[in-house]
K.L.:
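This is the structure I have questions about; it appears just below.
Indexing begins at 1, ligand by ligand and atom by atom, following the structure's order.
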Amino acid sequence: MTSGAVPEPTIDDDPRIGEVLLTEQQIRERIEQIGQQLSQDYEGEAPLLVCVLRGAYVFLTDLARAVNLPVEIDFIAVSSYGSSTRTSGVVRLVKDLDVDLSDRHVILVEDIVDTGLTLRYLRRSLEARNPASLEVCALLAREKADTDGLGVRYVGFRIPDDFVVGYGLDAAERFRNLRYIALYREDGT
Ligand code: IMP
């Protein structure tokens, strides 16, 4: 705490946070739309939202409240990035689900589809557990990502190749708590 005219620095002042790609309001409005779509598509059902940790945890909390259905939630954690901004190419299961998927309508909630490696791994793993259905809902997908080929039914926004942070997405575990999504500038310039 300081007194006087100099404002306290905030987390938004970090030089590594670049241009804002998606504002809090844009994200909120798009999630409302997806929530309505899910409410229609799953009418009469109680789908299970599977949150892919850690990046999708913010998206999940807003999405779950935008869906007008008796949803249940569970969490799965995978790791493919370590602490860098490049995929290691190897997906590792870090935490498995607690819920039995057999005969459940499952919606896999992802933060971003980049190379699709994580998704292919998760799809294989979850399909083997005999859910009644399995769909994917990703907040973000790279413009280059073959979302149809990967079977991603719901996509919030398509974004270019640049690494982004905020709204659950991190760079070495930082910036998940930004309310918006911004470009990440590793060198802070
Ligand atoms: P994929 O396996 O290459 O599709 O990568 C998917 C995962 O990589 C996501 O679930 C994120 O955790 C992470 N990831 C990919 N791109 C970004 C990014 O721009 N910012 C933060 N995390 C990312």
Side-chain angles (χ1 to χ4, degrees), residues 11-12 14-24 26-27 30-31 34 38 48-64 73-97 106-128 134-189:
I11 53 167
D12 309 288
D14 191 301
R16 290 167 295 178
I17 300 173
E19 183 196 333
V20 174
L21 266 194
L22 297 165
T23 63
E24 192 178 353
Q26 284 175 305
I27 297 169
R30 184 71 186 110
I31 291 177
I34 300 174
L38 290 173
L48 176 70
L49 301 179
V50 169
C51 174
V52 184
L53 293 173
R54 300 187 183 97
Y57 82 101
V58 182
F59 180 36
L60 175 94
T61 58
D62 285 342
L63 183 67
I73 59 168
D74 200 358
F75 300 88
I76 194 165
V78 290
S79 162
S80 62
Y81 272 60
S83 64
S84 94
T85 56
R86 280 200 190 203
T87 178
S88 65
V90 180
V91 183
R92 197 165 53 89
L93 185 67
V94 177
K95 182 216 169 290
D96 206 349
L97 297 171
V106 176
I107 303 169
L108 191 62
V109 180
E110 258 280 28
D111 55 353
I112 178 168
V113 181
D114 186 10
T115 64
L117 192 77
T118 309
L119 201 51
R120 270 192 290 272
Y121 172 88
L122 284 169
R123 214 175 228 299
R124 247 198 332 270
S125 168
L126 301 192
E127 267 166 359
L134 174 63
E135 299 293 350
V136 179
C137 177
L139 176 65
L140 307 174
R142 299 277 185 220
E143 273 149 12
K144 65 173 188 208
D146 176 16
T147 43
D148 290 339
L150 289 162
V152 186
R153 179 138 173 211
Y154 307 94
V155 178
F157 303 93
R158 312 284 311 200
I159 64 161
D161 253 352
D162 315 82
F163 201 83
V164 293
V165 291
Y167 199 75
L169 290 103
D170 75 308
E173 294 306 323
R174 294 288 177 86
F175 308 114
R176 292 193 196 275
N177 59 333
L178 299 178
R179 295 164 188 264
Y180 46 85
I181 292 174
L183 299 184
Y184 174 66
R185 301 183 300 198
E186 199 155 13
D187 54 4
T189 58

K.L.:
Any idea which of T118, D111, I112 brings a heavy atom closest to atom 2 (O) of ligand 1?
P.N.:
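Closest candidate by heavy-atom distance is T118.
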K.L.:
What distance do I73 atom CD1 and L97 atom CG have between them, rounded to the nearest 0.5 Å?
P.N.:
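Going from CD1 on I73 over to CG on L97, the span is 11.5 Å.
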K.L.:
Please step through side-chain contact (heavy atoms from CB on, under 4.5 Å) for the pair I76 and L126, ending with a clear verdict.
P.N.:
CA-CA 10 Å; I76 194 165; L126 301 192; 4.1 Å; yes
K.L.:
Please state whether R142 comes within less than 4.0 angstrom of ligand 1, counting heavy atoms only.
P.N.:
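R142: in contact with ligand 1 (<4.0 Å).
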K.L.:
For ligand 1, which atoms have a heavy atom of T115 less than 4.0 angstrom away?
P.N.:
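Listed by number with element: 1 (P), 2 (O), 3 (O), 4 (O).
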K.L.:
Taking 4.0 angstrom as the limit and counting only heavy atoms of V164, give me the atoms of ligand 1 inside it, by number and element.
P.N.:
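Those qualifying, in numeric order: 18 (C), 19 (O), 20 (N), 21 (C).
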K.L.:
Could you tell me the separation between the CZ atom of R174 and the OH atom of Y184, rounded to the nearest 0.5 Å?
P.N.:
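Answer for the CZ-OH pair, R174 versus Y184, is 9.5 Å.
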K.L.:
First locate atom CG of L38, then atom CD1 of I107, and finally report the distance between them rounded to the nearest 0.5 Å.
P.N.:
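Spacing of CG (L38) from CD1 (I107) equals 5.0 Å.
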K.L.:
What part of L169 sits under 4.0 Å from ligand 1 if we count only heavy atoms: the side chain, the backbone, both or neither?
P.N.:
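For L169, only side-chain atoms sit under 4.0 Å from ligand 1.
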K.L.:
Under 4.0 Å from a heavy atom of D170: which atoms of ligand 1 are those, numbered in the order shown and with their elements?
P.N.:
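So the answer, numbered in order with elements, is 21 (C).
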K.L.:
Strictly distance-based, threshold 3.5 Å: is any side-chain N or O of R30 a donor or acceptor partner for the main-chain N or O of L139?
P.N.:
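Answer holds: no.
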K.L.:
With a 3.5 Å distance limit and no angle check, can you tell me whether R158 reaches the backbone of A145 through a side-chain donor-acceptor pair?
P.N.:
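Pair found, side chain donor or acceptor close to backbone of A145.
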K.L.:
Considering distance alone, does some N or O of L119 sit under 3.5 Å from an N or O of ligand 1?
P.N.:
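No; the residue has no nitrogen or oxygen that sits under 3.5 Å from a nitrogen or oxygen of the ligand.
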